[in-house]
Amino acid sequence: MIAGNGQYKKVDKMNLISKFLMVVALVGLGACTDPAQFGGGDGTGGTGDLGAAGDPASAAYFQQTVGDRVWFEVDQSTLTDAAILTLDAQANWLLQYTEYSAIVEGHADEQGTREYNLALGARRASAVEQYLVSRGVAGNRVRTVSYGKERPIEICSDEACYAQNRRGVTVVSAGNGS
Amino acid sequence: MLRILSLLLVLMGLTVQPAVAQGGPLRIVIDQGVVEPLPFAAPEFVAETPQARQLARDITAVVVADLVGTGLFREIPGSAHIAKVTSFDSPVQYADWKAINAQALITGAVSVAGDGRMNVKFRLFDVYADAPLGSGLQFAGTSDSWRRVAHKVADQVYSRITGEGGYFDSRVVYIAESGPKNNRAKRLAVMDYDGANSKFLTDSSALVLAPRFSPKGDRVLYTSYETGFPQIYLMDVASVSRRALADQPGTMTFAPRFSPDGNTVVFSLSRGGNTDIYTLDLASGARKQLTTAPSIETGPSFSPDGKRIVFTSDRSGSQQLYVMPATGGEPKRISFGKGRYSTPVWSPRGDMIAFTKQNQGRFHIGVMRTDGSEERLLTASFLDEGPSWAPNGRVIMFMRQGSGAGGTSALYSVDVSGRNLRKVPVPTAASDPAWSPLLQ
């Protein structure tokens, strides 16, 4: 009985450790795949293996360290100063790692009608694409898609969430040039 | 003799008029908000064969639900009836119906033949005129089409009393929604106008948006992300077969609608961030660009005569409604109120345009005359969007979405007068309704 209890405790401890490791892994995975949820396909498919975020040549590095997204003002597609900083870094990365191509997603918050927001998302995606091209990224490496208000990341209905949803997201993938 | 007692309240609360000329025929005038619904009796239809008993009960219930659902009629329940109708051809006891203040009486009979064919007869009576209103009619069909037959009976009653076309024998194509707001699955679905007989037309593998019926109700236009990019598709409803239209790399297409003859599709195309309006000839595939402004032009809708197109544009700096010739050419702005206007839809009667309006953080469904005059808002909520006209141009269905994480979408209908706001009983969360024409 006692031996049994001891064994139990040991197993518990191991479980705790493995649970802890799993949580770490999940958090890591979550951070990697979250933006990819809104990547190619139906806005739910990912770009597959993003690689290790520590590897500067990985899509994960682009996402987390370079920064894959920029934000817009209400009903605007003008790039802010902060957006331009991010896009400069994106352009430099794309110029260095030429095996990657990019799809730029344009998104809108829910304060607009479906069709208009599709057009607004197209405008935002295009603003990002045009800036990247103006920084020297070849036009045939970048495509755009608009999701309008169909794929919010934040789901509250106030400005804190809306500001996160009015975004342009650059999703990179290797060897997938158009 | 005063035949109809309802009072009419002219919209916007301006004037009050008598409902009907005294001594005139049984009639509801829908233009105005009816304050007092018309009381009618619809005793359970007579089952003329034993197998017809349940059908008779069900058909009567749907006829009553259709009429009561308009907000223009009130049923006097069977428990209050004095006269009992046991035979379709027995004489009407007008005094008994007057005694309970039934102004209209609907009688019917259902029989089912050995081969399963169903026959439904009905008559409508103007009780205070001691006379039938129109002649008796009968509909034949298979037993499983009983709902459609019931809708056809109700359409006849509605039409004879209001003088308007009916709308009950119609369908609605819509987007069935499931899942959380940040990962919503959407499927194309179709149902009867009252939410019955709903069925899916696509699975949830690709995001689909904003379906529209063809003028005959046999085809549906919609937008799908099947390829990863929004593109417009044409689906045959019976076979559920579909094909991509206007698929051109580097462009996105959306917001499609049919021309009134069903031969042309008008839609929006985005290229290089700019969205303009195009038409596509379905037979030849020929495409024509109708607008060339650097602003957003979307949400196009044909006038019923096919000569003009109304659309939304932010060329003035905010979204407003414009009308242009169907062949393109100089658009004329028609909306001038405060707020942003979008999703314009021309009424099938040609007299009005319904739209979505955003103002001061609220969304409204509204209507205006085709020159932009007499704007009136019919609804208000956190998010009302995407009006679609009933085939008779008297009722509008739209989407209402709640706020926040739990905000789901549902379909609602409202009279063009702003009365009778009702939730449509759809089996799932739903958005983007589009009403079919009256079925044949």
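Order of the sequence lines sets the chain letters (A, B, ...), proteins ahead of strands, with each chain counted from 1.
Between the side chain of A/R124 and the backbone N or O of B/G273, no donor-acceptor pair lies under 3.5 Å.
The candidate from A/S126, A/A125, A/G121 with the greatest count of non-hydrogen atom pairs under 4.5 Å with chain B is A/S126. Contact count versus chain B (heavy atoms, under 4.5 Å) is highest, among A/A127, A/C156, A/C161, A/G112, for A/G112. Comparing A/L120, A/T144, A/L118, A/N165 by heavy-atom pairs within less than 4.5 Å of chain B, the highest count is held by A/L118.
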N/O donor to acceptor pairs below 3.5 angstrom from side-chain atoms of residues 314-323 of chain B, sequence neighbours left out:
unit_1	atom_1	unit_2	atom_2	d
B/D314	OD1	A/R123	NH2	3.2
B/D314	OD1	B/I296	N	2.9
B/D314	OD2	A/Y116	OH	3.0
B/D314	OD2	A/R123	NH1	3.0
B/D314	OD2	A/R123	NH2	3.0
B/R315	NE	B/E297	OE2	3.3
B/R315	NE	B/S313	OG	3.0
B/R315	NH2	B/E297	OE2	3.0
B/S316	OG	B/S318	O	3.1
B/S318	OG	B/Q320	NE2	3.1
B/Q320	OE1	B/S335	OG	2.6
B/Q320	NE2	B/G339	O	3.4

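Rounded to the nearest 0.5 angstrom, A/K149 NZ and B/E385 CD are separated by 3.5 Å. Here A/R114 contributes atom CZ and B/D432 contributes atom CG; the two are 4.0 Å apart, rounded to the nearest 0.5 Å.
With sequence neighbours left out, the ring pair (Phe, Tyr, Trp, His ring centres under 6.0 Å) criterion links B/F355 to B/Y341. Residues that satisfy the side chain to side chain contact (heavy atoms under 4.5 Å, CB included) test with B/T379, not counting sequence neighbours, are B/I365, B/D384, B/F398, B/R400, B/V414, B/L421.
When all heavy atoms of A/A119 and B/T275 are compared, the closest pair comes out as CB-OG1, 3.4 Å. In terms of heavy atoms, B/F363 sits closest to A/E110 at CZ-O, 4.2 Å. Closest approach of A/E150 to B/L207, counting heavy atoms only: CB-CD2, 3.7 Å. Considering every non-hydrogen atom in both B/M252 and A/A122, the closest pair reads CE-CB, 4.0 Å. Heavy atoms only, all atoms of each residue included: A/V145 and B/G228 are closest at CG2-O, 3.5 Å.
Below 4.5 Å, heavy atoms of chain B meet heavy atoms from A/D75, all part of residues 70-83 of chain A.
If you measure heavy-atom distances from B/R271 to chain A, you find no contacts under 4.5 Å at all. Only the side chain of B/S270 has a heavy atom closer than 4.5 Å to any heavy atom of chain A.
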Pair A/S157-B/S403, side chain to side chain donor-acceptor pair (under 3.5 Å): steps then yes or no: CA-CA 6 Å; A/S157 290; B/S403 69; 4.5 Å; no
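Taking a 6.0 Å sphere around CZ of B/R242, one finds it holds 12 or fewer heavy atoms contributed by other residues, nucleotides or ligands.
Ion pairing of B/R212 with A/E115 is present here, as a side-chain N (NZ or NE/NH1/NH2) and a carboxylate O approach within less than 4.0 Å.
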